[in-house]
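See below for the structure under consideration.
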Amino acid sequence: MADDNIAPSLNTHVEVERVEKARKRTLGNVRLRHQDTDEIILIPAPSSDPNDPLNWPQWYKYYIATVVCVAMMMCNFLAAGPSIAIVDTTLDFFPGATPRANPRLFVASVAKVSYFFTTTALMQGLGNFFWVPIANKYGRRPTYVFSYLIYTVCAIWLCFEHSYSGFLAGRIIMGFGAGAAETIAPITIADVFFLHERGTVMALYTSFLSVGVSLGIIISGLITIDHDWRVIYQVASALIGFVLLLAFFGFPETAYIRDKQQSDDESSGPGVSTSEKTAATASDVERAERPGPIRKTGSYLESLKIFHTSLTHESFLKLVARPIGLICLPPVLWAALVEAVTIGFLVAVTSNVEVAFEETYGFKAWQAGLCFIGAIIGSIIGIPAGGQLGDKVADWFTRRNGGVRDPEMRLPAMLPCLIATPLSLILYGVGIEHKLHWICPTIGIALLNFATVQGTNLCLVYVIDAYRPVAGEITLAVMGFKSLFGFLLSFYTNTWVKQSGYQSAYGVMAAISAIVILFAIPLYFWGKKIRHATWKWPIISYIHWNDDREVGE
């Protein structure tokens, strides 16, 4: 393997363009603004090839982002949505387990039916230990197509399956296929958008991650008013099938190999600095000015190829093992914990919400589902709070640092998440425990979704900026840990609440979330030193990436 040393930190007072572009293993230390003009520098630098995703028109990039977000939303639509009808599902599979006639059998049966949702959540995380290496080795397109093919087939299967064991098996396999888009989406966004655009677009991704759960619960609840709970799967099958067709016929391969010739062209050509106002068209100007080979744009039929080429010489085994090593890095572990205490605690709420609202307010499934309209509103508000706010805060610190960006410059924007996460869990727990007006726990759900979008986006973009060449493995390490934590929480939430009460259980969750998010403070001050020191750990040396994974940032 090539030299594994980290590139030395940039001098904020001296800019040597050719040297700075040739740096490898920067760990997120890059020059984002020109020292003299203060104009945005496009990171990574686009090549002269029109097939380079960085050179695609801005409208087409946002079309890809939209497809990715819709695919992300549908991953959680059927994974979590039917949980709102857990009582009806229980009575279908266990007809004798009625809550009034046999309460003990009913509780035991609900626990068994909850396996449908907990195992799906677990497999969404574990399945990505297969899908992410596929995406890194062979491309994003085959991953989307084959994972969604499995997802669609399983959704149709579950429409007709009536045995408990068969239904559980279908949900497990469905989780294996459904989780891929959740982890591949950040890689795709990083493929087509520049560094200074990434935070805003990633906020859309995290919002759809949350909206998928809320929308699935709302629609599933409304379906149960006049229809059997199995109609949920029929509707979802049609929607998932549509996304599969969209992925096959309208989603291109976004992975791109930046070869040495292109790098030389970029270094010898005109500078890539441009103002923020002209960033969308800068690549077109540079492509016209920069010398280099002219390549033809591929045809639409060529874009329908599932496999294009191998993207790296790294072994498949190393790609599988790397996320396990990456979770040992303190910034990655912290990001995973933030995901766990936001998304994981949201899973705890959704796995308990129908029972809680029925016992406390006498709500039916569809009424409890409508409370998640607040969750969608919270997610929408979280988009600018997690995207544009994070970008602006990071850009402000970048200007103060002579135009040089470090990933930790996003972390001060975590303040809204620090306030909203524990507050949301307290509102939910206290509201249910003391039978306050239903709007109290509903506001708690809305705030928790806001915090999920705002906080998880910032921490995920933070670690992707720091370890961009292995963005896929980073996302897998974070999301895999989150899925395992969410599985354990959803498995034990009802038991925990029954033993301790809503106020105590969710109060403990609030305290845990506050402590975890507060670690953003030491990471802001010492995160750079920590990243450089931990790179030299023996266990990390085994997962250093090859030069062919470098992407120019």
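Nothing fancy with the numbering, it's 1 onward along the sequence.
- For F208, there are no ring pair (Phe, Tyr, Trp, His ring centres under 6.0 Å) partners, not counting sequence neighbours.
- Annotation: cation-pi pair R322/Y542 absent, no NZ/CZ under 6.0 Å from the ring centroid and within 45° of its normal.
- For F176 and F129, the ring centers are positioned 6.0 Å apart or more.
- Separation of the F94 and Y164 ring centroids falls under the 6.0 Å cut-off.
- Note: W131 and F146 fail the aromatic proximity criterion, with ring centroids not under 6.0 Å apart.
- Applying the salt bridge (charged side-chain N to carboxylate O under 4.0 Å, His left out) rule to pairs touching residues 166-188 yields E182-K482, sequence neighbours excluded.
- In this structure, F345 has its ring center at least 6.0 angstrom away from the ring center of Y428.
- For residues 327-350, no pair satisfies salt bridge (charged side-chain N to carboxylate O under 4.0 Å, His left out), with sequence neighbours left out.
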F242 and Y148: ring pair (Phe, Tyr, Trp, His ring centres under 6.0 Å), yes or no, with the steps? CA-CA 10 Å; F242 170 75; Y148 249 85; over 10 Å; no
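- Within a 6.0 Å radius of NE2 in H162, more than 12 heavy atoms belonging to other residues, nucleotides or ligands are found.
- Residue F106 qualifies as enclosed at atom CZ: its count of foreign heavy atoms under 6.0 Å is above 12.
- Ring orientation note: the planes of F167 and W229 are nearly perpendicular, at an angle over 60° on the 30°/60° scale.
- The number of heavy-atom neighbours closer than 6.0 Å to CZ of F160, taken from other residues, nucleotides and ligands shown, is 12 or below.
- Annotation for I539: atom CD1 does not count as buried by contact number, only 12 or fewer foreign heavy atoms lying within 6.0 Å.
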